[in-house]
Amino acid sequence: QVQLVESGGGLVQAGGSLRLACAWSRRTFAFFSVGWFRQAPGKEREFVARINPNGSDKYYADFVEGRFTISRDNGKNTAYLQIDSLKLEDTAVYYCAADQGPIVRRDPGGYDEWGQGTQVTVSS
C-alpha cells in the first residue's frame, strides 16, 4: 500500500511563504499523478493543484491566482507545493493524494491514496 507523508506546514504571517512536501514510500512514485487539497474548519475539502506523473502538466484551482506552484521530483519520490503571498484564508489542513488514472480529477473522490495532512496557519 502506498504511503504518503506531508510536511512543511506551520504558522506563518500573511504575505509569507511555505513549501509543503509530500513524500512517498514502498511503491514507485512515477506512475501516479499527485493532487494537493486543503480543508479549512467547517468547510469541505477543496482542490488546490494537480501534477501528472512526469511533471509536464499542471492544473490549479482558480483561487490560486499564481501564488501556488506544484512540482515533483521523481528521483526523490516527493511532490511539492510552494505557496507564496500567503493569505489568512489559506489557513487549512493541506493534503496530498495519489491518482493512477489518466483523467484529470479535481474531486477528492477521484484519488486513491491520501496523506494525513499538514496544518498551515496564516496569522495577521
Side-chain angles (χ1 to χ4, degrees):
Q1 186 173 350
V2 174
Q3 289 190 333
L4 309 175
V5 179
E6 300 97 333
S7 62
L11 175 64
V12 63
Q13 286 191 324
S17 298
L18 281 175
R19 189 192 195 199
L20 309 183
C22 173
W24 294 52
S25 63
R26 298 189 181 178
R27 289 175 63 178
T28 183
F29 175 65
F31 297 114
F32 289 80
S33 293
V34 175
W36 282 96
F37 291 79
R38 69 184 188 181
Q39 188 165 17
K43 295 188 177 181
E44 294 186 351
R45 191 168 298 188
E46 65 176 349
F47 172 80
V48 175
R50 175 184 170 107
I51 188 168
N52 71 333
N54 66 10
S56 62
D57 296 323
K58 303 175 184 180
Y59 308 88
Y60 295 96
D62 291 341
F63 67 79
V64 164
E65 299 175 331
R67 299 186 296 116
F68 293 41
T69 304
I70 191 171
S71 62
R72 65 190 296 160
D73 184 338
N74 286 349
K76 295 182 178 179
N77 280 7
T78 303
Y80 303 96
L81 184 70
Q82 176 73 34
I83 312 174
D84 298 316
S85 302
L86 277 156
K87 302 178 180 180
L88 296 178
E89 53 263 41
D90 293 323
T91 295
V93 178
Y94 285 72
Y95 299 89
C96 66
D99 174 21
Q100 198 170 13
I103 299 173
V104 176
R105 301 295 297 266
R106 295 173 181 252
D107 59 298
Y111 289 75
D112 306 306
E113 305 285 347
W114 289 83
Q116 82 290 348
T118 185
Q119 176 71 47
V120 172
T121 303
V122 184
S123 64
S124 58

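What's counted below: heavy atoms across the whole structure, side chains too, no hydrogens, waters or symmetry copies.
Taking the centre of each ring, F68 and W36 stay at or above the 6.0 Å mark.
Taking CG of L4 as the start and OG of S25 as the end, the distance is 7.5 Å to the nearest 0.5 Å. Residue L81 holds its CG atom at 15.0 Å from OH of Y95, rounded to the nearest 0.5 Å. Between the OG atom in S7 and the CG atom in L20 there is a gap of 8.0 Å [rounded to 0.5 Å]. The NZ atom of K58 sits 13.0 Å away from the OG atom of S33 when rounded to the nearest 0.5 Å. In this structure, CG on D107 lies 12.0 Å from CD on E44, to the nearest 0.5 angstrom. Note: R67 CZ to L86 CG = 6.5 Å, rounded to the nearest 0.5 Å.
Contact detail for V122 and L88: the closest heavy-atom pair is O-CD2, 3.4 Å. Contact detail for C96 and V34: the closest heavy-atom pair is CB-CG1, 4.5 Å. Taking both residues in full, the closest heavy atoms of D99 and R50 are given as OD2-NH1, 2.9 Å, listed atom of the first, atom of the second, then distance. In plain terms, the two heavy atoms of A98 and W24 that are nearest each other are CB-CH2, 3.0 Å. Closest heavy-atom contact between D90 and Y94: O-OH, 2.7 Å. Nearest approach of V48 to V64, heavy atoms of both residues: O-CG2, 3.7 Å.
Formation of a donor-acceptor pair under 3.5 Å by the E6 side chain with backbone atoms of Q116 is found in this model. The backbone N or O of D57 lies less than 3.5 Å from a partner atom in the side chain of N52, making a donor-acceptor pair. Within the 3.5 Å criterion, the main-chain N or O of R38 finds no donor-acceptor partner in the side chain of E46. No donor-acceptor pair under 3.5 Å is formed between the side chain of Y59 and the backbone N or O of R106. Counting only distance, with no hydrogens or angles, the side chain of N74 and the backbone of N77 share no donor-acceptor pair below 3.5 Å. Listed for the Y60 side chain is a donor-acceptor partner under 3.5 Å among the backbone atoms of I70.
L11 places none of its side-chain heavy atoms less than 4.5 Å from the side chain of Q119. Side-chain contact check for R45 versus W114: some heavy-atom pair is nearer than 4.5 Å. Proximity of D112 to Q100: side-chain heavy atoms (C-beta onward) are separated by under 4.5 Å at one or more points.
Note on residues 72-84: no pairs pass salt bridge (Lys or Arg N to Asp or Glu O under 4.0 Å), not counting sequence neighbours.
Neither V5 nor V120 shares a network with the other; the hydrophobic side chains, linked directly or stepwise wherever heavy atoms of I, L, V, M, F, W or Y lie under 4.5 Å apart, form separate groups for each.
Ring orientation note: the planes of F37 and F47 are nearly perpendicular, at an angle over 60° on the 30°/60° scale.
Dense packing is recorded around CD of E65, with more than 12 heavy atoms of other residues, nucleotides or ligands lying under 6.0 Å away.
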